[in-house]
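Both backbone and side-chain heavy atoms feed into the values below; hydrogens, waters and symmetry mates do not.
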Amino acid sequence: MMNAKKILDCERSTIDKWSKFQLPSSWKSKGVILSLVIFIVLITFKFIDNEPAWISDVLKRGLLISFLIISLSKEHVEDEMIASLRSKSYALAFIFGIGYVIWQPIMESILHAFIYEPNPNNTFSYFEILFFMLLIQIMFFEVLKRNR
């Protein structure tokens, strides 16, 4: 009985430690700069015809990492209100992400039926979903923080 309690306490403390993981606030500006640079490079590569596909994949992953850095960075003043707003923004991002995954194929089918020919290769990727969820989380957090 005592052994099981020790194991549960150890697991709980490990989960608590990981759930409270955040980067220092100085990383937020680094994440913003990195995401802007990567975004500009991705747009530039859209106009280049001979760009290797692997470069685009690496840049997209870098963009996701920079958004994650922004999302995980502390505020200069990190109090319980900020933690609550951050938690709400993650919940909203999750809900909107699920909604996106459900509604995007339906909307695409409707558009295919009325506007243009269906493309069997036109599916959405993990990048779209993660990009959407991280962007929504960052936007909701900033809106909630300013309207508190």
Drop me the distance from [X]'s [atom1] to [Y]'s [atom2], to the nearest 0.5 angstrom.
{"X": "Leu23", "Y": "Ile70", "atom1": "CG", "atom2": "CD1", "value": "11.0 Å"}
{"X": "Ile65", "Y": "Ser35", "atom1": "CD1", "atom2": "OG", "value": "12.5 Å"}
{"X": "Phe21", "Y": "Lys74", "atom1": "CZ", "atom2": "NZ", "value": "10.0 Å"}
{"X": "Ser125", "Y": "Asp57", "atom1": "OG", "atom2": "CG", "value": "9.0 Å"}
{"X": "Ile69", "Y": "Leu64", "atom1": "CD1", "atom2": "CG", "value": "11.0 Å"}
{"X": "Ile55", "Y": "Lys60", "atom1": "CD1", "atom2": "NZ", "value": "13.0 Å"}

Of all the heavy-atom pairs spanning [X] and [Y], show the shortest one and how long it is.
{"X": "Pro105", "Y": "Tyr100", "value": "CD-O, 4.3 Å"}
{"X": "Ile38", "Y": "Leu59", "value": "CG2-O, 3.2 Å"}
{"X": "Gln137", "Y": "Ser71", "value": "OE1-OG, 2.7 Å"}
{"X": "Met133", "Y": "Ala93", "value": "O-CB, 3.4 Å"}

N-O pairing of Glu142 and Lys28 below 4.0 Å: yes
With under 30° as parallel and over 60° as perpendicular, where do the rings of Phe96 and Phe140 fit, or are they tilted in between? tilted
Side chains of Lys145 and Arg86 in contact at under 4.5 Å (non-hydrogen atoms): no
Are [X] and [Y] joined in one hydrophobic group, where the rule is that I, L, V, M, F, W and Y side chains link up if heavy atoms are under 4.5 Å apart?
{"X": "Ile95", "Y": "Ile129", "answer": "no"}
{"X": "Leu85", "Y": "Val143", "answer": "no"}
{"X": "Trp54", "Y": "Tyr126", "answer": "yes"}
{"X": "Phe132", "Y": "Ile106", "answer": "yes"}

Could you go through Phe141 and Ile82, starting from their C-alpha distance and side-chain angles, then the distance that decides it, and tell me whether this counts as side-chain contact (heavy atoms from CB on, under 4.5 Å)? CA-CA 9 Å; Phe141 179 65; Ile82 294 293; 3.8 Å; yes
Where the side chain of Thr44 meets the backbone of Ile40, is there a donor-acceptor pair that is under 3.5 Å apart? yes
Do Gln104 side-chain atoms and Val101 backbone N/O form a donor-acceptor pair below 3.5 Å? no
Apply side-chain contact (heavy atoms from CB on, under 4.5 Å) to Leu34 and Phe67, showing your working. CA-CA 9 Å; Leu34 182 62; Phe67 274 19; over 6 Å; no
I'd like to know whether NZ of Lys88 has more than 12 heavy-atom contacts from other residues, nucleotides or ligands below 6.0 angstrom. no
Going by chain and number, the hydrophobic cluster around Ile43 (ILVMFWY, side chain to side chain under 4.5 Å) further includes Phe39, Phe47
Let's go through Leu63 and Phe127 carefully: what are the C-alpha distance in whole Å and the side-chain angles of both, what is the deciding distance for side-chain contact (heavy atoms from CB on, under 4.5 Å) to 0.1 Å, and is it a yes or a no? CA-CA 10 Å; Leu63 189 61; Phe127 171 77; 4.1 Å; yes
Using side-chain contact (heavy atoms from CB on, under 4.5 Å), reason through Leu68 and Leu134 one step at a time and then give a plain yes or no. CA-CA 7 Å; Leu68 186 62; Leu134 284 168; 4.3 Å; yes
Contacts of Lys30 meeting side chain to side chain donor-acceptor pair (under 3.5 Å) (sequence neighbours excluded), chain-then-number -> none
